[in-house]
Number of protein chains: 6
Amino acid sequence: MDLSHIYFCTPPLHIISSREKYSGMSDTEPISDERYERCLAQLENMGGKSVQSMLGNIYDLSPDLAKITVEFPYGEIISRPGLDLRSRQIATVAALTALGTAPVQLRAHIDMALAVGCTEEEIKEVIIQMAVYAGFPAALNGMAAAQEVFSAREKRGV
Amino acid sequence: MDLSHIYFCTPPLHIISSREKYSGMSDTEPISDERYERCLAQLENMGGKSVQSMLGNIYDLSPDLAKITVEFPYGEIISRPGLDLRSRQIATVAALTALGTAPVQLRAHIDMALAVGCTEEEIKEVIIQMAVYAGFPAALNGMAAAQEVFSAREKRGV
Amino acid sequence: MDLSHIYFCTPPLHIISSREKYSGMSDTEPISDERYERCLAQLENMGGKSVQSMLGNIYDLSPDLAKITVEFPYGEIISRPGLDLRSRQIATVAALTALGTAPVQLRAHIDMALAVGCTEEEIKEVIIQMAVYAGFPAALNGMAAAQEVFSAREKRGV
Amino acid sequence: MDLSHIYFCTPPLHIISSREKYSGMSDTEPISDERYERCLAQLENMGGKSVQSMLGNIYDLSPDLAKITVEFPYGEIISRPGLDLRSRQIATVAALTALGTAPVQLRAHIDMALAVGCTEEEIKEVIIQMAVYAGFPAALNGMAAAQEVFSAREKRGV
Amino acid sequence: MDLSHIYFCTPPLHIISSREKYSGMSDTEPISDERYERCLAQLENMGGKSVQSMLGNIYDLSPDLAKITVEFPYGEIISRPGLDLRSRQIATVAALTALGTAPVQLRAHIDMALAVGCTEEEIKEVIIQMAVYAGFPAALNGMAAAQEVFSAREKRGV
Amino acid sequence: MDLSHIYFCTPPLHIISSREKYSGMSDTEPISDERYERCLAQLENMGGKSVQSMLGNIYDLSPDLAKITVEFPYGEIISRPGLDLRSRQIATVAALTALGTAPVQLRAHIDMALAVGCTEEEIKEVIIQMAVYAGFPAALNGMAAAQEVFSAREKRGV
């Protein structure tokens, strides 16, 4: 899958006054529901079902946080030039494995890493390496997360 | 100092295409140096010298990170309605004391907490309370940070 | 140096009483079961069922830890003057969201925050703000915790 | 500088053998499956079922990580002279309780601590003490982990 | 629900006395300055100069936190029977090495560990072991802390 | 159960050789000083002065930890096939930036990342991205570390 021609969100994006945008008290929500849905669909294309369900759950309680999450990390950071998407996912899988506090997000990013071209072997290497920098429990828990993602993908026939 | 009438950054704001904005490769930087300076000046009004120097150092190496930091946390999050600035600073002082990994930022936010109306006594209470949730070393190090900020302010005659 | 005959401080310090208090080997337990129950009941009034069940489970295995938890964090720290209870709960919700290692306690304190006067909106703002200081996964997991608490309260008709 | 032709250390270092050892591509695996099984059996003798099942699950996805985990932490570190096994397990239970990110491994090591001679009382004291250094939520969660281990052992009739 | 008139628990709980104890506004401070000094002196006997200076600095800004620190961790927790002081210090050195956020307190506790009978060799083993559970950087930084303590003791002629 | 006569695994396991290897009490040290020096020199070639000085300091106090650090992370993990060195350094820079507890090691690995072919731009992108997963303070402190490394390299004329 060639992803080199896209970043994350395509123009004509977005953002007017941050106060209007997120307040929930404003008449005009600059990040419209339609745009959010479009952005989310792109995210799903890259990262599979796990991202969609994670953000979908959050959206029910806090549409603002869901929108900010789509817009800032994915719209503004991951889409920056200067580093390829495969390296970005390696960085994220490494960080979340090391931190050990975000298993849901770790699984989502292992899924995304595979979607942007990492092999299962490479992901396992990143996780094993974290034994060095964050300890064996972090690596073992990271590997358990990978196992869930790989199994789920196999069931989905990806 | 009455801050109730402002949030953080005032219109006419900002942001066009995130890809153009931060790439450093685009001709038009939607967050102009002039706007950044203005935003930074407002930050300084609220938080004292520590924020200015922290971001100033970062700007030399990575203008993008400095701009994103001014724009996202301060422009989009802290400026949201729904929670008063004093409560926001209490939340941040609590979190940074508990995490224990960001002493420079903790000092900057203790400074900002005082600037938006917290008393020294209240800040000390927040820090003592963190002994419960993150352990005594976190609280002791947080108190040492507070001590540096209070002393520096005394020297500056604030 | 042979230290086997002492623990930490020798009489006539107050430590003797604290040793008696928690040891479970002493005839006079300064924090009596009756007082513990009374304190716990008050805690429940403020924080709902989650605190009661959390401490109740612990009590079965370690009455000492349950008693210390009621006595130190709640009896000695949260009850200190110098900071209002609403600000204290904001500080705790912020810290536990940022740390990301204590989901049970985070839910208990979101419950308590509502009990002492925070609105759901304010709690969501504190959690969103943690995206800045501890990353988006921390904020997303914090929001998921809030969602559980809000739902549970709705079912209880609070 | 082109580094693509090397990995890290070039011959005649022992690293060549380590590369053979874990690569899964080498004909001679210095840590044979038979040795791994034998080592794992000894581990089980000391730490009960929890270690076996934890490593067994990992082995399916990443035999390399399972082997490294048996070989490095257990084969090279825990087996070092200079500190008795009981003290080593106290250190590990303390660290994992404080970190709060590895509940599975914490339970496994509470099990191992009991297997090498710690009493339940001592383990509870280590966990209570972590309230001081990592906060009450860490201690409460550690105690909940202990409770699961003690119950499971009772059911197994240990 | 108006909670502004209460703090946490209302009389006739012991909390009233704890509020008097630490508030700094009460006439009778249950932990008197004289008792604090005596307790601190004992602490110093066991742990060397590092504890004294750490708490002394804190006392200037927040006598309450200094007193609570002497009273709760040292007076109520470390002094509990059920675990020997040597094991308690091993647990603390392990936890602080693993957390990596409290270098001052880690050095103080390495000092205390030596004071209650641990050998330098044993402390080094605890720290090396943390490479397994918290990663090599944690162990390397812990060893650097040990080096400072051992050198300082040599200079003091301990 | 008396376990005092055993360490972990009994012969004829490879652990005996590992015990000899690191104990400092054995006549035959499988990782000889000469090999260590050679390995360290190669490390220096790849990562610059920072690694050498970091391990050199540790070697004085604990030759064992210095040797294990050269042998396990560098000899056994980083040298594994399955992931290129550039990706490995990106993973490590990401993890250490996110953890925020190992500034010395972060600087060493930024240096090594440059040595194996990462550009300064790419490293800055990895660090900026960590704002998303570990918060802005982590990213700001990571950037400050990068700044020190880049400056030091400029002075060294690299």
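Every heavy atom of this structure was used, including side-chain atoms; hydrogens, water molecules and symmetry mates were not.
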**Study point:** Atom pair CD1/CG of C:Ile127 and B:Leu83 - distance to nearest 0.5 Å
**Key:** 11.5 Å

Point to revise | For B:Glu125, side chain to side chain donor-acceptor pair (under 3.5 Å) partners two or more places apart | key: C:Arg80, C:Arg88

Review point. Among all residues two or more places apart in sequence or in another chain, which pass the side chain to side chain contact (heavy atoms under 4.5 Å, CB included) test with B:Glu148?
Key: B:Arg107

Exercise for review: Check side chain to side chain donor-acceptor pair (under 3.5 Å) between B:Asp84 and all other residues, then give those that pass, not counting sequence neighbours.
Suggested key: B:Ser87

Exercise for review: Identify the heavy atoms of C:Gln129 and B:Ala91 that sit nearest to each other, and give their distance.
Suggested key: NE2-CB, 4.3 Å

Practice item. Report the distance from atom CD1 of C:Ile128 to atom CD1 of B:Ile78, rounding to the nearest 0.5 Å. Key: 11.5 Å

Practice item. Determine whether B:His109 and C:Tyr133 make a side-chain contact, defined as any pair of heavy atoms from C-beta on separated by less than 4.5 Å. Key: yes

Revision key, fill the gap. Among residues 92-103 of chain C, those lying within the under-4.5 Å heavy-atom range of chain B are C:Thr92, C:Ala94, C:Ala95, C:Leu96, C:Ala98, C:Leu99

Revision key, fill the gap. In terms of heavy-atom pairs under 4.5 Å with chain C, the winner among B:Arg86, B:Glu122, B:Lys124 is B:Glu122

